[in-house]
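Structure record follows, encoded as C-alpha cells.
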Amino acid sequence: MKKWKKTLLLIAGALALGAGVYAEEVAPAVTAADAMFTANNIWMMISIFLVFIMHLGFATVETGLTRAKNTVNILFKNTAIVAIGLLTYALIGFNLMYPGDFSIAGIFGFGGFGIAAPEGAAGLIDYAGGAYSYWTDFLFQGMFAATAATIVSGAVAERIKLGSFLIFSTLYIALVYPFVGSWVWGGGWLAEMNFHAGSTLVHSVGGWAALAGILLLGPRLGKYVNGKAKAIMGHNMPLLTIGVFLLWLGWFGFNGGSVLSGDPGAVSYVLVTTCMAAAAGIIGSMITTWTVQKKPDLTMVLNGCLAGLVGITAGADVVTVGAAILIGFICGVVAVLSVLGFDKLKIDDPVGATTVHLVCGVLGTLFVGVFSPDFSFLTQLIGVLAYGAVCFPAAFLIFLALKKTIGIRVSEEEELKGLDIGEHGMEAYSGFQFFTNS
Amino acid sequence: MKKWKKTLLLIAGALALGAGVYAEEVAPAVTAADAMFTANNIWMMISIFLVFIMHLGFATVETGLTRAKNTVNILFKNTAIVAIGLLTYALIGFNLMYPGDFSIAGIFGFGGFGIAAPEGAAGLIDYAGGAYSYWTDFLFQGMFAATAATIVSGAVAERIKLGSFLIFSTLYIALVYPFVGSWVWGGGWLAEMNFHAGSTLVHSVGGWAALAGILLLGPRLGKYVNGKAKAIMGHNMPLLTIGVFLLWLGWFGFNGGSVLSGDPGAVSYVLVTTCMAAAAGIIGSMITTWTVQKKPDLTMVLNGCLAGLVGITAGADVVTVGAAILIGFICGVVAVLSVLGFDKLKIDDPVGATTVHLVCGVLGTLFVGVFSPDFSFLTQLIGVLAYGAVCFPAAFLIFLALKKTIGIRVSEEEELKGLDIGEHGMEAYSGFQFFTNS
Amino acid sequence: MKKWKKTLLLIAGALALGAGVYAEEVAPAVTAADAMFTANNIWMMISIFLVFIMHLGFATVETGLTRAKNTVNILFKNTAIVAIGLLTYALIGFNLMYPGDFSIAGIFGFGGFGIAAPEGAAGLIDYAGGAYSYWTDFLFQGMFAATAATIVSGAVAERIKLGSFLIFSTLYIALVYPFVGSWVWGGGWLAEMNFHAGSTLVHSVGGWAALAGILLLGPRLGKYVNGKAKAIMGHNMPLLTIGVFLLWLGWFGFNGGSVLSGDPGAVSYVLVTTCMAAAAGIIGSMITTWTVQKKPDLTMVLNGCLAGLVGITAGADVVTVGAAILIGFICGVVAVLSVLGFDKLKIDDPVGATTVHLVCGVLGTLFVGVFSPDFSFLTQLIGVLAYGAVCFPAAFLIFLALKKTIGIRVSEEEELKGLDIGEHGMEAYSGFQFFTNS
Amino acid sequence: MKLIIAYIQPEKLTAVKQALYGKEVFKMSVTNALGCGQQKGYHETYRGADVEVNLLKKVRLEIAVNVEFVDATVDAIISAARTGKIGDGKIFIQNLEECIRIRTGEKGAEAIG
Amino acid sequence: MKLIIAYIQPEKLTAVKQALYGKEVFKMSVTNALGCGQQKGYHETYRGADVEVNLLKKVRLEIAVNVEFVDATVDAIISAARTGKIGDGKIFIQNLEECIRIRTGEKGAEAIG
Amino acid sequence: MKLIIAYIQPEKLTAVKQALYGKEVFKMSVTNALGCGQQKGYHETYRGADVEVNLLKKVRLEIAVNVEFVDATVDAIISAARTGKIGDGKIFIQNLEECIRIRTGEKGAEAIG
Ligand SMILES: Nc1ncnc2c1ncn2[C@@H]1O[C@H](COP(=O)(O)OP(=O)(O)O)[C@@H](O)[C@H]1O
Ligand SMILES: Nc1ncnc2c1ncn2[C@@H]1O[C@H](COP(=O)(O)OP(=O)(O)O)[C@@H](O)[C@H]1O
Ligand SMILES: Nc1ncnc2c1ncn2[C@@H]1O[C@H](COP(=O)(O)OP(=O)(O)O)[C@@H](O)[C@H]1O
C-alpha cells in the first residue's frame, strides 16, 4: 500500500501481469488480451468468493434445522471442513483431480504432491488459454472440494462423533472426491463420453456419502416412535433463511464460475437459468407443501429453493429459460415429496441433504439428457450410476471401518444432553433459557 | 468444467462472446471493445449479486424489528416475493417496463410475454451499446422488481394474511411497478421531462403501497392504548443489524449498478456519495435520537442509515460530496422525527418502511432539484406527485378488493398467538423460552 | 436507468471514462488501456465491498463472544464507528495519511481538509497510473480507517461508557491512525526503510489501543475471582461463526485489494496464501485447544482462523505457499496460548482482540523478515516497535484524559444489568427468557 | 398468611396486574409456565411430521397476602382474567406459615406487603 | 386437595404425561427449572476457563388433585420417571386449601379436574 | 418438613448457593422469575414509545428441608443475599407434608436431603 510507489508499480504490475521482473523505464503497452485476461480472472476470483460464502450458507442452514444443543458441534464441523478441504486439496486433491496424464486410462492419475505455478509471465498467460491464473484455478477448485463433506455434515448431524466425522471427511475429500472428479473435470472416461454434469457432480458425491452415513448411524433418538415419524424441530429459522440466501448467492459463482471465463453472454445466461430454477423451486415446493401439509412449511420452501438450484446446476448452460423454470419447479415439488418419503423409509436426514443434493442432483443430471438435444439421456444415466457405484460403497466402507474401530455414534446420554456439551464442553446460547423436553 | 477442453473453449469463448459457433482453428484477435464489454458486464453482474442480497437484508431487518412469534411468516413472505418477482418479471414485467414502443404515448406499452435475447453474437454486442448482455440487463432489472413488494412486507407485518399478501404482491409487482416504471426507465413521459429519480422510484412505489396497506389494515393489537403509542419491541437486534449492513452492501450495486456500466470515475463517485450519505444518516439520527429520547436507540440509528441511503439514491451521480453528506444527515434527522410522527398519527408501521422508503424517498428525489443545477425542482415535484397519484390508489384498490373478498387481516386470536402458528403451524425458535405477555 | 438513452450514454460513458463531456457523434475508439483501467478499478471496488463487510463481521464476532445484555451496545458502537471513520477520513484522514509532501520529513504532513478529485478525464487516468480512480482510492482507504477502532471495541466491551468510547474512536481514527499510517502508506520514513507490513499495520494500531483501553478499564466484574479466571460465556455462537466467515471473506479484499490492481497473477497468489494461512490457523488452534483443554473449543478455533489471517496479512505477497501454511499454523497455536496467557495476566479481553490483532499482527510482521529474503528482520522489528511506541501511549493518554474527566467505565449496577438497559434503555432480544445469574 | 398461585392466559397479565394494583396488591412474582388443562392443544407440523402441542403457554402468578386480602386478590384476578372461554386458568390457595423480608429481616404480616 | 410438585429429568416429561393420562390425571402445569441434588454436575470450559455446572436442567410439574388421586398420581410419576440413576428427581406434596376455576368461578373438588 | 421459597437478586445466586453449602444444604431447585415488589422498575424506550418495566428479573429458589434445618437455611439465604437495598428479596415458608425420592421410593425425612 505504498502510495508513493503506486504509479510506477501499478503501470508495471498491470502490464507485466505478475511476472517477477518489472520494467521500470519502458512499460510495454497494454494489449487487449491483457485486459481480457484481467477481466476474466476477476470474474473467476469473484466466483471463488461466492463459492467460499456457500460454506457459511451450509453452516447456517444445518444449524437452523437442528436443535440448539448441537449448534456448537455443527459450526465446528463446518469450520474444520473448510480448512481440511483447502489443505488436502493443496497437498493431494488438485493433482489427483487434474492429473494431466492418466496412469489407468481415463480412470486414475496423480500429478504429484503440492501445488506450483508454471513459471514466468508466459506460463501465466498460457495457463488455461489466458482465461485465469494458475492460483485462481486452484483456489476455485479448492473451494468446491470441501463442499462434498459439508453436505454429509448436515445429514449425519446431532449424533455423529466429532473425531470420526473429521477422519471421514479428510479421507473422502482428499481421496474419493478428486478421484471420481477426474473422470469428468480431469478429462477422464466420462468426459470422453460427453457426460454433462457440471457441478452437480459435487452434489451427488456428497449426497451418496450422506446416504451411507445415515444408514450406518441410524435415526436420532426419538425420531421414529412406534413406527411413526416424530418432528424434531430445527431451532432457528432466521439462521436457516440466511443460509439459503447465502447459498443462492454462492450459486452465482458455483454455476457462473463453471463457465470458466467472464464471457458476458454465456455467464449471464447461466445466472438467469440459475435464478429462474431457484424461483420456480420456491413456487413448486410452496404449492406442494401448502397442498400436502395444509399450511405452508418454511423449511420445505427453502429446501425447494435449494432443490431448484441443485437441479439446474448440471444444465444451466445448455437448457432454455423455459426448461430451467420447469426443472426448478419439478425439483421443488420433488423436494417436498422426497423429504416425506425418506421419513416413510425411516431414513433420518435432519436437513434434507439427501433430498436436495442426491435426489435433485441425480434428477438434474438426467434432465440434461431430456432438455438438451446435445446430450444423450443414456450417457447421463451411465454417469449418474457410475458415481453412485463408486461413491456410495467408498463412503460406506470408510464409515463402517470407523464404526468397527473408534465408533461413529455418540452415547445415548450425550445425544440427549447435546453434542455441544458432550464433544465441546460448551453451549451455543449461554444465558438463554430453553425448554428441553427431548 | 472439463479442464481438458479448457484452453480451446476459453479462447474461443472469450472471443466469440457467447456466439453459438466457435472457430476452433483461427481464433480472432481479442479487441479492446471485447475486453471493455466483458469488464462492464462483470460490473453489472456484481451489481446483480449486490441487489440480490438486499432481499436477505430486508428479510432480516423486518424479522429483527418484529416479534419472535411472527418470524417464520416474515421469512416466508420475503422468500416467496423474490420468486414471484423474478418469475412475473420474466413473464410480463420486463416487457412492460421496457416496452420499446409505447401504445399510449409515453404512458403505456407492452413488448409481449416472456424474455428472449437478440440473436447471434452481433445482437449481444449491439445490445445496450456493448455495455452488458441482454441477460444481465434482464436479471439486474428483475432483482429490483421484487423490492417494491418487500418494502410493503415490513409495514404490514404481524397482522396480514399470508394468502392476501402474496396475491397483492403478485399483482403489484407484475403490473403496477413495471407500468409506472416505464414512465422513467422505459423512456416514457417523465423521462422526456428530464425527471431524475434513479432507483428511488422503487422506494416510493413500495412506500405508497406500504401506506395504503397500513391504512386498510389498521394498527397491531395493543399498539395504541388509550390514544398512546405503546412499544411493541422487535425481538432480535443482531438480525436487524445484519440486515442493515447487508442493505448498505447491496446499495453499492443498487446505486453503482444504476450507472449501467463499469465506468471507473462515474461508478466510484456514486459509491462515495452513497457511503457518505449513509454515514451522515447514522450521525444525523444518532444526534436526534440521543437528544429526543435521552438515550440513543439502535433501531433509530439503523433506520437513519437506511434513510440516508434512500435519500441519496436519486441524486448519487449528480450532487457533490458535500451535498451528499447534507442529504444523508437531513434524512437521518427526518427518519427519527418521522417514526415518531407516524406514531402520533396512529399509523402503525413496525419497521419504519414508510419513513425510510416513502418520506426519505420523496425527500431525496426533491433534493435533486435543489442540489443539482441540471434538474428542475418543479419537474422533480411533478414526478413525485405522479407516482403518488397512481401507486397509492392502485395499491389501495387491490388491498380493498382483497379486504372485501377473502379478507386481509388475521383473526385476533391468531394475532395474539402469532402468525407462525396461525399461518404456518410452526415456530421460528423451537426450544427457546419466551415470556409472552403480549 | 433511462434505457432509451442507454446505447448512446454507455458507449460514450465507457469511453469517456467519467469525463464530463460526452461526444455524441463520434465515439473515440476504446483502447486496451481503458479496458484495463476499468477492470482494475472494478477489482478495487470489489475490494471496497469486501472490506466494508468486515465491519459486519467484527460486529457479529464481538456480539457473539459477549453476553446478551450488552448486545445492543456492541452493535451500536460498531455502526457508529463506520460512520465516524468514513466522515473523519473524508475530512482529515485521507490527506493526513497521504499528505503528498511531508512537513516534517517522513514523519508528518497534511494535505488539507476535505476530498477532491483531480479534474477532467486526464486527471482520472493519470491518478495512480490508471489503476483506479481517485474516488475508488479514497473509499478503499476509508473503509480501512474505521477498522482500528472496531478492534478496540471488542476488547473494551461490556464495561466502557458509550460516549467515552465514541470520543476516543473519533480522535484515534481521525488523528493517530492516519498519522502513523503515513509513515508507510504515505511514503514516510518506514517506507523508505523498506518496512513491509501491508495491512497488518491496521491490526497493530488497533491492537495497541485495545491493550491501553483494557489496562485502564480493568477486568469485567466477576472475571477474576480469588485470583482465578472465571468463564464469562459469549451468548451466541452462530453469530460468532457468521462473523468469522464474513471476516475471512473480507480478507480477500483486505489483502487482495492491497495489491492495488487486478493483476491476475499477483492478486490470485495473495488469495491463495491468505486462504492457506486461515486454514492452517484453524488446524493449529484446533490441535492446541483439543490438547490443552481436552475438548475442542469453537471460540478458540475461530480465533485461530482470524489469527492465521492476521498473521499472513503482512507477507501475503512475498512468502511461499509453504511459508503461508506455516505462518498460519503458528499463529493458530499462538492464538490459543495467548488467550490463556492474557487471562493469567488478568488482562480481560472478552473477544481476544489483543491476541488476534496485536500478538499475531506483530508476529506476522516479523515473519516477513524471516520468510522473505527481500526484507530485513531488523527493519521489521524497528517498524513494529515504532508503532507500539506511538500508538500505545497515544491511546493510553486519550483514554486517561477521558477517565479523569467524564469517566470511561459504567457503574457497577449498570454493568450487572447490562449496558443495553444502561446506555440505550432497550433490549436486544425482547421476549426471550434468560437465566441471568451474573 | 396465604400463598395464592394463579395460572392465567399470557395476554391477560397486564390487565390482571392493573386489577391487583386497584385492590392495593402491589407485590407479586411471575413466571411463565406451560399448562395442560381443559383447553385442547393445537397441531403443528414440521417437515411433514405432525406435532401435537398440548402444553400451552400460561403465566403463573405467585402472590403472598395477608388473610384479609385473599378475597380481594382472587376477585381481582378473576375479574381481569375471565373471558368465559376454556383456558382462562385456575387459582390455587395454600397456607403460608412465614414470610421474611431479606433486606430488613422483618417477618410475618409486616414483611408481606 | 393436595398440590403435588415433582422434579423430573426433562427427557421423561412425555412419558410422565402419558402415565398421568393413564391414571386420568389430565391437568397439570409445567415449568423448567435448574436443580442441585445428589446428581453431580459437569464441567464446561470456555476459552480456557473452567466452568462447573452444578445446576442441572430439570422439569418441574405442578399438579393439583383431590385427595383420592394423590397415590395414583405419585405412582404414575414414579413409574414413568424412574430409571434408577441418580438425578431421577423428587416429589413433594403440600396441602391445598382452595382451588378456583377462573372461567366459571367453581371452587374446590369440582374445579380441580 | 418445610418448603422454603426465596426470591433473590439474580446476581446473588452464586453467593447464596455457597452459603447454603456452608450450612450443609446441598439440594435445591432454581427457576427464574419476574418480580414486582417495593423496588421500582425502570423505563425503556423503543422507537420513541415509552415502556415501563416493573417486572424485574429475580431468581426463585425452592428448598425442601427438615424442620431442624429451617433456621440455618433462612439465615444462610439472608446472609448472602442481603445488601440493604430495596429489591433484596423475600423468603416464604410453607408446610411440606410429604417428600418422595423417585429413584428409590424413600419417603419423608430420609428422602429430602
Ligand atoms: N389440576 C391442575 N393442576 C395444575 N395446574 C392446573 C390444573 N388445572 C388447571 N391447571 C393450569 O391452569 C391452566 C388453565 O386450565 P384450563 O383447564 O384450561 O382452564 P378451564 O378450567 O377454564 O378450562 C392449565 O393450562 C394449567 O396450567
Ligand atoms: N431438598 C430439595 N429441595 C428442593 N429441590 C430438590 C430437593 N431435593 C431434590 N430436589 C430437586 O430434585 C432434583 C433431583 O434430585 P436428585 O438428588 O438428583 O435425585 P436423587 O435423590 O434421585 O439423587 C434436583 O435436581 C432438584 O431440582
Ligand atoms: N407478597 C409477595 N408475593 C409474591 N412475591 C413477592 C411478594 N413480595 C415480594 N415478592 C418477590 O420478592 C421480590 C423482592 O421484593 P422487594 O419488595 O423488592 O423487596 P424488599 O421487600 O426488600 O423491598 C419481588 O420482586 C417479588 O418477586
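Chain letters run A, B, ... following the sequence lines, proteins first, then strands; residues in each count from 1.
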Contact leader toward chain D among E:I112, E:I100, E:T104, E:T31, where contacts are heavy-atom pairs under 4.5 Å: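 Option with the top pair count is E:I100.
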Among the listed options E:M1, E:M28, E:K107, the residue most often paired with chain D at heavy-atom distances under 4.5 Å: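 Max contact count across the listed options: E:M28.
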Closest heavy-atom pair and its distance - D:I86, E:R103: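 Shortest heavy-atom separation between D:I86 and E:R103 comes out as N-CD, 3.6 Å.
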Student check: side-chain heavy atoms of E:K17 and D:L55 closer than 4.5 Å: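 Side-chain contact under 4.5 Å: yes.
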Heavy-atom side-chain proximity of D:Q94 to E:N95 below 4.5 angstrom: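 A side-chain contact under 4.5 Å is absent here.
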Reported CG-to-OH distance for the pair D:N54 and E:Y21, which is rounded to 0.5 angstrom: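 Rounded to the nearest 0.5 Å, the CG-OH separation comes to 4.0 Å.
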Lys/Arg N to Asp/Glu carboxylate O, E:E97 vs D:K2, below 4.0 Å: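 Counted as a salt bridge, because a side-chain N and a carboxylate O are separated by less than 4.0 Å.
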Test log, rule side chain to side chain contact (heavy atoms under 4.5 Å, CB included), inputs E:L3 and D:I5: CA-CA 11 Å; E:L3 188 71; D:I5 297 168; 4.2 Å; yes
Whether over 12 other heavy atoms sit under 6.0 Å from D:Q18 CD: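 Buried by this count: over 12 neighbours within 6.0 Å.
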Backbone N/O of E:A111 and side chain of D:K90: donor-acceptor pair under 3.5 Å: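 A pair under 3.5 Å: yes.
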D:R82 (side chain) donor-acceptor with E:I102 (main chain) under 3.5 angstrom: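 Yes, the answer is positive, given that a donor and an acceptor are paired below the 3.5 Å cut-off.
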D:I4 portion near chain E, given a 4.5 angstrom heavy-atom threshold: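 When you check distances to chain E, no heavy atom of D:I4 falls under 4.5 Å.
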Portion of E:E106 that has a non-hydrogen atom of chain D nearer than 4.5 angstrom: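 Nothing of E:E106, per the 4.5 Å heavy-atom cut-off to chain D.
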